[in-house]
Protein chains: 2
Amino acid sequence: MLNQSPDLDRLFHALADPARRAMVERLSRGPAPVSELARPLPMSLPAAMQHLSVLEAAGLVRSEKVGRIRQCAIQPRALSQAEQWINAQRREWERRLDRLADYLKTLDNEGDGDGRGD
Amino acid sequence: MLNQSPDLDRLFHALADPARRAMVERLSRGPAPVSELARPLPMSLPAAMQHLSVLEAAGLVRSEKVGRIRQCAIQPRALSQAEQWINAQRREWERRLDRLADYLKTLDNEGDGDGRGD
DNA sequence: CTGATACTAAAGCATATGCTTAACCAATCG
DNA sequence: CGATTGGTTAAGCATATGCTTTAGTATCAG
């Protein structure tokens, strides 16, 4: 029954850390080298690199080495995958609320002594 | 500089596990008792309870004990908080792409010998 | 009452995560 | 050339996570 989705696992896990979200937020404003992503973070450069590799593994960031600096850029598609899952859930419970409303309306039409289905 | 958001931390972390997403997917279709959430999962009931408490801590699920069963229901607001963060990022990089397009257009209007700013 | 059901609480444990420091490599600067 | 900058790798370690089993506590059915 378990709808296995290693993609979503990696994606949400990558977004679950403030340092990694800060990197994504920075990259949403345009490409940047590793050291610029790392500078505002309260940790060593190697630690920041590890966060970056989590983002790359999740497909959220792509990077390319030019000279001795590594330019990083956001990969918008990955983010929309997460959004799609969330939207799917919302559609589902909205559908359910609609059905519930219909049902209550039906009760309202049929019986008139007691409209409470609680 | 780090935009601290323990809410988003908990939220995305809660969604980063297939068992927990399966619970959310089930609850999107309507309320359910703990044991029904746990049944399809390849783990013991206590393990499932721990996942459930992660979902509750993230505000994704609310539960109430009635008699000896605990009824669980999804809490749609939490999900939209995650969605909002994702949307904010998208707006940001779309804005950036727009600015970039404008800039390129400007170059196209001004100079006509060489339109490459690369 | 007795026993089954549904959940809960606690202890223990294997593995994963998130950092650190130290050492290293490659590109650029003086 | 040697020194500096930007990045990378590896080892080590403290803590967190994700389960397990065991042992409960209420609730409800008969």
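The chains referred to below are lettered A, B, ... by the order of the sequence lines, with proteins before strands, and numbering in each begins at 1.
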* Asked: Got a donor-acceptor contact below 3.5 angstrom from the R96(B) side chain to the E92(B) backbone?
  -> no
* Asked: To the nearest 0.5 Å, how far apart are CD in Q89(A) and CD in E94(A)?
  -> 12.0 Å
* Heavy atoms under 4.0 Å, any strand shown: does S35(A) hit a base, just sugar-phosphate, or nothing? -> sugar-phosphate
* To do: Mind grabbing the angle between the end helix axes of the helix from dC1(C)-dG30(D) to dG30(C)-dC1(D)? Five pairs an end, 10° rounding.
  => 20°
Protein-nucleotides 27-30 of chain C N/O pairs closer than 3.5 Å?
{"from": "dA27(C)", "atom 1": "N3", "to": "R68(A)", "atom 2": "NH1", "distance (Å)": "3.2"}

* Quick one: pull up CD in Q81(B) and CG in L11(B) and give me the separation to the nearest 0.5 Å. => 6.0 Å
* With rounding to the nearest 0.5 Å, note down the distance linking NE2 in H13(A) to CZ in R10(A). => 11.5 Å
* Asked: Angle class for the F12(B)/W85(B) ring planes (parallel below 30°, perpendicular above 60°, tilted otherwise)?
  -> perpendicular
Got a list of side-chain donor-acceptor pairs under 3.5 Å for residues 67-74 of chain A, not counting sequence neighbours?
{"from": "R70(A)", "atom 1": "NH1", "to": "S63(A)", "atom 2": "OG", "distance (Å)": "2.9"}

Which atom pairs, one a donor and one an acceptor, fall under 3.5 Å between side chains of residues 33-42 of chain B and the rest of the protein, sequence neighbours left out?
{"from": "E36(B)", "atom 1": "OE2", "to": "R26(B)", "atom 2": "NE", "distance (Å)": "3.0"}
{"from": "E36(B)", "atom 1": "OE2", "to": "R26(B)", "atom 2": "NH2", "distance (Å)": "2.7"}

* Identify, between Q50(B) and L45(A), the residue whose nearest nucleotide on DNA chain D lies closer to the 5' end. => L45(A)
* To do: Using only side-chain N and O atoms of S44(A), determine if any of them is under 4.0 Å from OP1 or OP2 of dT20(C).
  => yes
* Taking for each residue the nucleotide of DNA chain C with the nearest heavy atom, is it H13(A) or P46(A) whose nucleotide lies nearer the 5' end? -> H13(A)
* **Leading and trailing nucleotides of DNA chain D with any atom under 4.0 Å from heavy atoms of chain B** => dG18(D) to dC28(D)
* Rounded to the nearest 0.5 Å, what separation is found between the CD atom of Q75(A) and the CG atom of L27(A)? -> 11.0 Å
* To do: Verify, without hydrogens or angle tests, whether R90(A) (side chain) and I86(A) (backbone) share a donor-acceptor contact under 3.5 angstrom.
  => no
* Asked: Can you tell me how far CD of E83(A) sits from CD of E83(B), rounded to the nearest 0.5 angstrom?
  -> 5.5 Å
* What integer distance in Å separates M49(B):CE from dA9(C):P? -> 7 Å
* **Rounded interatomic separation in angstrom, taking CG from L52(B) and C1' from dA9(C)** => 15 Å
* When you match R70(B) and R20(A) each to their closest nucleotide on DNA chain C, which lands nearer the 5' end? -> R70(B)
Donor-acceptor list for residues 43-55 of chain A side chains, cut-off 3.5 Å, not counting sequence neighbours:
{"from": "S44(A)", "atom 1": "OG", "to": "A47(A)", "atom 2": "N", "distance (Å)": "3.4"}
{"from": "H51(A)", "atom 1": "ND1", "to": "R20(A)", "atom 2": "NH1", "distance (Å)": "3.1"}
{"from": "S53(A)", "atom 1": "OG", "to": "Q50(A)", "atom 2": "O", "distance (Å)": "2.8"}

